[in-house]
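Okay, structure first, notes after.
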Amino acid sequence: MTGNDHYFTAHPASPEERRTLAVHLAGRDVEVETAGGVFSPDHVDLGTEVLLRTVPAAPAAGDLLDLGCGWGPVALSMALESPGTRVWAVDVNERALDLVRRNAERLGLENVRAVLPDDVPDDVAFAAIWSNPPIRVGKEALHSLLLRWMPRLAPGAQAHLVVGKNLGADSLQRWLAEQLGDGAAIERVASAKGFRVLRVTSR
């Protein structure tokens with residue numbers, strides 16, 4: 001990436017440097033395409049690995065959300081695991097969204113929608129949200145992001161978020177509890193390799 005480039009940049013200026021990567025998703029070995037200018041282009045990052053190892057099985061039906069999808073390891077896992085769902089892969093990075101679309105096509109997945117945040121219809125409620133949220137966008141932007149999407153969980157549905165302990169996972173858990181109040185239960189359900197997995201259950 002260039003000095004001014006971040007994985008949460010809408011149009012990365014850095015060279016694409018497309019590459020093929022062998023990864024293990026949803027219990028199978030697959031090949032995906034990644035590129036420079038997106039989050040963790042060389043491997044499934046450790047936080048995402050912790051998330052995918054600890055989440056319950058994805059719902060078999062409904063709308064699912066991968067918030068901050070990058071090149072797509074979480075969205076692709078959801079889609080592989082639950083082909084009867086519609087998986088929304090949301091990111092502000094256009095290059096990342098293009099990679100998710102290419103990877104879904106490569107894996108024969110027709111249930112993935114890789115879109116910008118404003119392109120998700122307002123009436124969609126999610127049966128599950130899985131996210132390795134972009135903590136480094138800053139606290140204000142992160143809080144705005146979570147307050148936009150967490151209330152869109154269907155009643156009784158769950159979101160699972162992975163956050164580095166040293167990046168404020170415990171304070172984020174407290175903040176979510178304060179903000180969502182009686183509308184949701186917030187729990188820490190796993191802790192591994194310096195990461196916490198937080199579960200938000202909609203009431």
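Taking all atoms of both residues into account, the shortest heavy-atom contact from Ala75 to Val87 is O-CG1, 3.8 Å. Across all their heavy atoms, Arg19 and Gly36 have their closest contact at NH2-N, 3.3 Å. The nearest pair of heavy atoms linking Ala35 to Arg95 is CB-CD, 4.2 Å. Across every non-hydrogen atom of Leu80 and Ala26, the tightest pair is CB-CB, 3.8 Å. In terms of heavy atoms, Leu145 sits closest to Pro134 at CD2-CD, 3.7 Å. Shown here for Leu97 and Ala114, the closest heavy-atom pair between the two residues is O-CB, 3.7 Å.
Rounded to the nearest 0.5 Å, atoms CZ (Arg53) and OG1 (Thr48) are 11.0 Å apart. Atom CG in Leu65 sits 4.5 Å away from atom CZ in Phe126 (nearest 0.5 Å). Atoms CG and CG, on Leu142 and Leu167 in that order, are 10.5 Å from each other to the nearest 0.5 Å. The CG atom of Leu172 lies 9.0 Å from the NZ atom of Lys139; values are rounded to the nearest 0.5 Å. Considering CG of Asn132 and CD of Glu49, their distance stands at 11.0 Å, rounded to 0.5 Å. To the nearest 0.5 Å, atom CE of residue Met78 and atom SG of residue Cys69 are 11.5 Å apart.
Looking only at side-chain heavy atoms (C-beta outward), Val92 and Pro117 come within less than 4.5 Å of each other. Using a 4.5 Å heavy-atom threshold, the side chains of Asp91 and Val100 count as separate. No side-chain heavy atom of Leu107 sits less than 4.5 Å from a side-chain heavy atom of Arg28. Two residues are said to be in side-chain contact when any heavy atoms from C-beta on lie closer than 4.5 Å; Ile186 and Leu180 meet this criterion. Counting only heavy atoms from C-beta outward, the side chains of Leu116 and Glu94 approach each other to under 4.5 Å. The shortest side-chain heavy-atom distance between Leu109 and Leu76 falls under the 4.5 Å cut-off. For the pair Val23/Val30, a side-chain contact is recorded, criterion being any heavy-atom separation below 4.5 Å from C-beta on. Counting only heavy atoms from C-beta outward, the side chains of Pro133 and Leu67 never approach each other to under 4.5 Å.
In this structure, His143 and Trp175 have parallel ring planes: the angle between them is below the 30° cut-off, well short of the 60° mark.
Taking a cutoff of 4.0 Å between a charged side-chain nitrogen and a carboxylate oxygen, Arg113 and Asp119 do not qualify as a salt bridge.
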For this session: May I have the step-by-step check of side chain to side chain contact (heavy atoms under 4.5 Å, CB included) for Leu64 and Ile129, ending in yes or no?
Result: CA-CA 6 Å; Leu64 313 182; Ile129 298 173; over 6 Å; no
For this session: Would you check, one step at a time, whether the test side chain to side chain contact (heavy atoms under 4.5 Å, CB included) holds for Val120 with Arg152?
Result: CA-CA 11 Å; Val120 180; Arg152 295 186 61 174; 3.8 Å; yes
Problem set entry | Chi angles and distances behind the side chain to side chain contact (heavy atoms under 4.5 Å, CB included) call for His160, Leu51 | CA-CA 8 Å; His160 287 80; Leu51 177 71; 3.9 Å; yes
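Listed by first then second residue, pairs satisfying side chain to side chain donor-acceptor pair (under 3.5 Å) with a partner in residues 60-88 read Asp63-Arg86, Asp63-Trp88, not counting sequence neighbours.
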Please table the atom pairs, donor to acceptor, closer than 3.5 Å between any side-chain atom in residues 193-203 and protein atoms at least two apart or in another chain.
unit_1 : atom_1 : unit_2 : atom_2 : d
Arg196 : NE     : Asp170 : OD1    : 3.1
Arg196 : NH1    : Ser191 : OG     : 2.8
Arg196 : NH2    : Asp170 : OD2    : 3.3
Arg199 : NE     : Glu187 : OE2    : 3.3
Arg199 : NH2    : Glu187 : OE1    : 3.1
Arg199 : NH2    : Glu187 : OE2    : 2.9
Thr201 : OG1    : Gln158 : NE2    : 3.4
Arg203 : NH1    : Ala184 : O      : 3.4

